[in-house]
Amino acid sequence: MSGTPHPPSSPPPQATILIVEDEAALRRVLERVLVREGYRVLAAASAETAYELLASEPADAVLLDVQLPTMSGLALYLALIHRHPGLAGQIAIMSGDAEAEHVRVWLEHNPCTVLRKPFDLKQIVEWAHELLDATDQRSGNG
């Protein structure tokens, strides 16, 4: 027996990820995958809902679609960073059009993780693990 079982110690506090995606089917799939990985998930279909949710429910990371119905995900990104500075570096944008001129120009001034659609769900899980494991190592950001 070469594998050692994980000790049944108390689990670390659940990290919370906010998903902002207007496509209901994709939002549900992302939610299911992240919950299965042990994350607490908040979900919003619009920029306004996301902004309101974060006012009462802090999140450790945000998965943000660029194309949202009433406000660009890029504009929401800036609003979130302004209102919640601790989210800087904790937001990944999801885009099927990451090569579009306005997105490329925006990214030059606002570097962040870009998850290109269509993506493999493993990419989402890896992003969450890398980001939130790094966050756990940085004690007390606050």
Kindly compute the distance separating CG (L115) from CD (Q123), expressed to the nearest 0.5 Å. 6.5 Å

Within-4.5 Å side-chain heavy-atom neighbours: L132 and D60: yes

Distance in Å, R28 CZ paired with L30 CG, rounded so as to fall on 0.5 Å steps: 11.5 Å

Output a table of donor-acceptor pairs, distance under 3.5 Å, between side-chain atoms of residues 34-45 and any protein atom two or more places apart or on a different chain; print 'none' if there are none.
| residue | atom | partner | partner atom | Å |
| --- | --- | --- | --- | --- |
| E37 | OE1 | H129 | NE2 | 2.8 |
| Y39 | OH | H129 | N | 3.4 |
| Y39 | OH | H129 | ND1 | 2.9 |
| R40 | NH1 | T16 | OG1 | 3.0 |
| R40 | NH2 | E57 | OE1 | 2.3 |

Find out whether I81 and N110 are in side-chain contact, i.e. whether some heavy atom of one side chain is under 4.5 Å from a heavy atom of the other. no

From OG1 (T49) to CG (L18), nearest 0.5 Å: 10.0 Å

Are S46 and L68 side-chain neighbours, meaning at least one heavy-atom pair lies under 4.5 Å? no

Is there a chain of hydrophobic side chains (I, L, V, M, F, W, Y, each step under 4.5 Å between heavy atoms) that links M94 to V62? no

Is there a path from V103 to I91 through hydrophobic residues (I, L, V, M, F, W, Y) whose side chains come within less than 4.5 Å of each other? yes

Residues at least two apart in sequence or cross-chain that pass side chain to side chain donor-acceptor pair (under 3.5 Å) with E101, listed by chain then number, are R104

Quick one: pull up CG in L76 and OG1 in T70 and give me the separation to the nearest 0.5 Å. 9.0 Å

Hphob cluster co-occupancy, L131 + V33, side-chain heavy atoms under 4.5 angstrom: yes

If hydrophobic clusters are built by linking Ile, Leu, Val, Met, Phe, Trp and Tyr wherever their side-chain heavy atoms come under 4.5 Å apart, do L64 and L53 end up in the same one? yes

Rounded to the nearest 0.5 Å, the CG atom of L74 sits from the CD atom of Q67 at a distance of 8.0 Å

Results of side chain to side chain donor-acceptor pair (under 3.5 Å) for S72 - residues two or more places apart only: none

Going by heavy atoms in the side chains, are M71 and Y51 under 4.5 Å from each other? no

Pairs touching residues 63-103 that satisfy ring-ring contact (aromatic ring centres under 6.0 Å, His included), sequence neighbours left out: Y77-W106

Any chain of hydrophobic side-chain contacts (each under 4.5 Å) joining F119 to I93? no

The complete set of ring-ring contact (aromatic ring centres under 6.0 Å, His included) pairs with one or both residues in residues 53-74, sequence neighbours excluded, reads none

Who pairs with R32 by side chain to side chain donor-acceptor pair (under 3.5 Å), at least two apart in sequence or on another chain? none

Okay, side chain of E23, backbone of A25: is any donor-acceptor separation there less than 3.5 Å? no

Write down the atom of K122, the atom of D120, and the distance for their closest heavy-atom approach. N-OD1, 2.9 Å

Between the CG atom in L63 and the CD atom in E31, the distance rounded to the nearest 0.5 Å is 11.5 Å

Give the intermediate values and the outcome of salt bridge (Lys or Arg N to Asp or Glu O under 4.0 Å) for residues K117 and D65. CA-CA 10 Å; K117 292 178 178 177; D65 187 22; 3.0 Å; yes

